[in-house]
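The structure appears right after this line, and notes come after that.
Just so you know, ligand 1 is whichever comes first in the structure, and atom 1 is the first atom listed for that ligand.
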Amino acid sequence: MNDRPTVIAIFGVTGDLARRKLIPSLYSNYIKGRLPEQLRIVGVGRREWTDATLIDHAHQSLKNYATAIYEQRAWDRFRKMLSYSKVNLPQPETYKNLRDDLDRLDNGYSNRLYYLSIAPEFYQDVVCNLGALGMARSNGGGRAGARSQSPADTAQSWSRIVIEKPFGYNMETAQALNRVVHSVFDESQVYRIDHYLGKETAQNILFMRFANTIFEPVWNRSHISNVQVTVAETVDVGTRAGYYDGSGVMRDMVQNHLLQLLSLIAMEPPSAFDADALRNEKVKVLQAARAVKLEDTVRGQYAGYRSAAGVAPDSCTPTFAALKLFIDNWRWKDIPFYLRSGKAMRQKTTQVNIQFKRPPNSIFELTESGDYSRNMLSICIQPDEGIHLTIEAKIPDQQIAKSVDMELHYDNAFEAEDLPDAYERLILDAINGDPALFIRGDEIESAWKIVDPIIDGWAFDPAAPAMQNYAQGSWGPAAADKLLEREEHIWRLSCLHQT
Ligand code: BG6
């Protein structure tokens with residue numbers, strides 16, 4: 001981290017994400033002493049707010065979402081870093097106010113982090129308007145010719161842009177957005193966020209695979225039978241119908257979060273823990289995905305979705321998806337990766353279950369089910385973060401085996417009370433210039449290439465599997481179970497709290 005002044009401009013500071021995640025994450029980093037010493041946080045929005053309104057808003061946000069770490073004296077210092085700047089996103093002339101506000105704060109020579117937490121239809125406007133005023137330079141946070149800017153200062157300062165998901169609506173719009181972004185920012189300045197990559201347990205997939213020797217030798221088609229990624233949510237569409245009904249689960253969850261988890265599981269070992277090496281390998285996996293057959297997909301909608309406020313009464317938006325995907329490379333050829341995600345499901349859980357093959361030869365009396373259970377490695381992303389390994393063990397005083405768990409729970413192993421929020425890590429990485437946990441332009445396009453044909457097939461192909469209804473509070477439609485039964489697999493769930 002360099003120690004020059006840094007300004008973070010949060011576009012959309014009045015919104016939900018800023019209130020729930022961004023402000024608390026910045027505060028948490030602040031009290032841990034991880035932020036640059038000279039930092040200013042500028043909230044950007046179109047409302048007629050003053051600095052005082054923003055400070056009040058931030059205060060409420062911390063009181064509601066950072067209760068455990070709120071501390072009056074720290075807040076008194078933190079609040080001094082906050083100010084507000086009004087910008088009407090599509091109107092270029094209003095960015096002059098922002099530019100002048102930022103220049104006033106730092107004489108125009110600080111580092112600049114622009115965080116876009118706004119509706120995606122405005123991404124292009126913001127990028128172009130920042131570009132037009134020369135606010136996007138990587139070697140000069142301020143505009144050309146700004147006061148007090150020595151050549152040495154210019155050489156060191158940077159500007160970066162963090163862009164929230166969704167990045168594009170499909171491959172075509174993602175490519176178009178990439179082109180616009182690249183016309184203003186170099187790829188090295190662009191941080192496309194997927195908050196799942198900031199989750200401790202998602203990051204730990206890399207440590208588990210590449211900081212140990214025992215997993216890698218069996219991490220392939222010779223030993224693994226199938227891989228399952230489940231991202232189940234109990235929440236329904238809630239108040240987000242305006243966005244969600246136009247997107248659905250494939251765009252909202254599968255294109256990003258599930259494919260990111262899949263690429264961490266399936267990637268080859270990178271040669272270094274750096275952004276290029278890591279992302280090269282992730283892209284290779286996504287590019288090796290075989291086109292998914294429509295018959296290997298299931299789409300569902302929870303009962304009652306169509307009567308939620310803001311949802312079209314005849315909506316065909318899926319709130320659940322399950323699919324079987326293959327990765328055509330030497331490591332994974334013909335091993336199914338099953339992905340599923342849904343809203344209004346029975347329990348909130350994100351988990352990856354890796355099922356191993358059965359022993360080739362049985363020398364013991366078999367279990368009641370007639371066979372050994374498959375060994376299973378479960379990576380519990382959330383909640384109850386941990387790793388479980390299910391093995392067969394002899395039942396004492398009997399001659400048969402039973403599946404038992406070897407378990408790692410984060411709260412025991414690390415005495416961690418609360419794990420840091422994903423945004424805490426990611427904001428810090430963006431400030432420190434480490435894009436490893438952000439999505440590269442080619443990566444985002446590779447992910448769209450996988451999901452686009454499914455979304456289009458569901459919309460236009462008469463032979464596509466029909467929409468299935470599922471009861472709220474269930475594990476999704478029965479068709480999702482049938483998808484696995486064809487290969488004599490079943491969805492496995494570990495990491496669940498007892499209900
Ligand atoms: C967001 C989706 O990206 O992720 C939401 O837009 C979803 O629909 C959320 O609820 C889930 O995130 P988490 O961290 O609660 O699993």
[atom]: nearest protein contact (heavy atom, Å):
atom                    : result
atom 6 (O) of ligand 1  : D252 OD1, 2.6 Å
atom 16 (O) of ligand 1 : Y196 OH, 2.5 Å
atom 5 (C) of ligand 1  : R240 NH1, 3.3 Å
atom 14 (O) of ligand 1 : K199 NZ, 2.6 Å
atom 15 (O) of ligand 1 : K348 NZ, 3.0 Å
atom 12 (O) of ligand 1 : H195 NE2, 3.2 Å
atom 9 (C) of ligand 1  : E233 OE2, 3.9 Å

I'd like to know if the side chain of Q351 reaches the main chain of L493, judged simply by a donor and an acceptor atom lying under 3.5 Å from each other, with no hydrogens or angles considered.
no
Checking Y338 side chain against L325 main chain: does a donor-acceptor pair fall under 3.5 Å?
no
Check: Q382 N/O within less than 3.5 Å of ligand 1 N/O
yes
Are the side chains of K199 and Q382 in touch, meaning some heavy atoms are under 4.5 Å apart?
yes
What I'd like to find out is whether the side chain of I431 reaches to under 4.5 Å of the side chain of I427, using heavy atoms alone.
yes
Ligand 1 contact by T350, heavy-atom criterion under 4.0 angstrom
no
Only heavy atoms of H257, strictly under 4.0 Å: list the atoms of ligand 1 that pass.
1 (C), 3 (O), 4 (O)
Ligand 1 contact on Y244 by region, counting heavy-atom pairs under 4.0 Å:
neither
How are the rings of F337 and W332 set relative to one another: parallel (under 30°), tilted (30 to 60°) or perpendicular (over 60°)?
perpendicular
Verify whether the ring centers belonging to Y70 and H59 lie closer than 6.0 Å.
yes
Can you tell whether the side chains of E424 and K32 come within less than 4.0 Å, N to carboxylate O?
yes
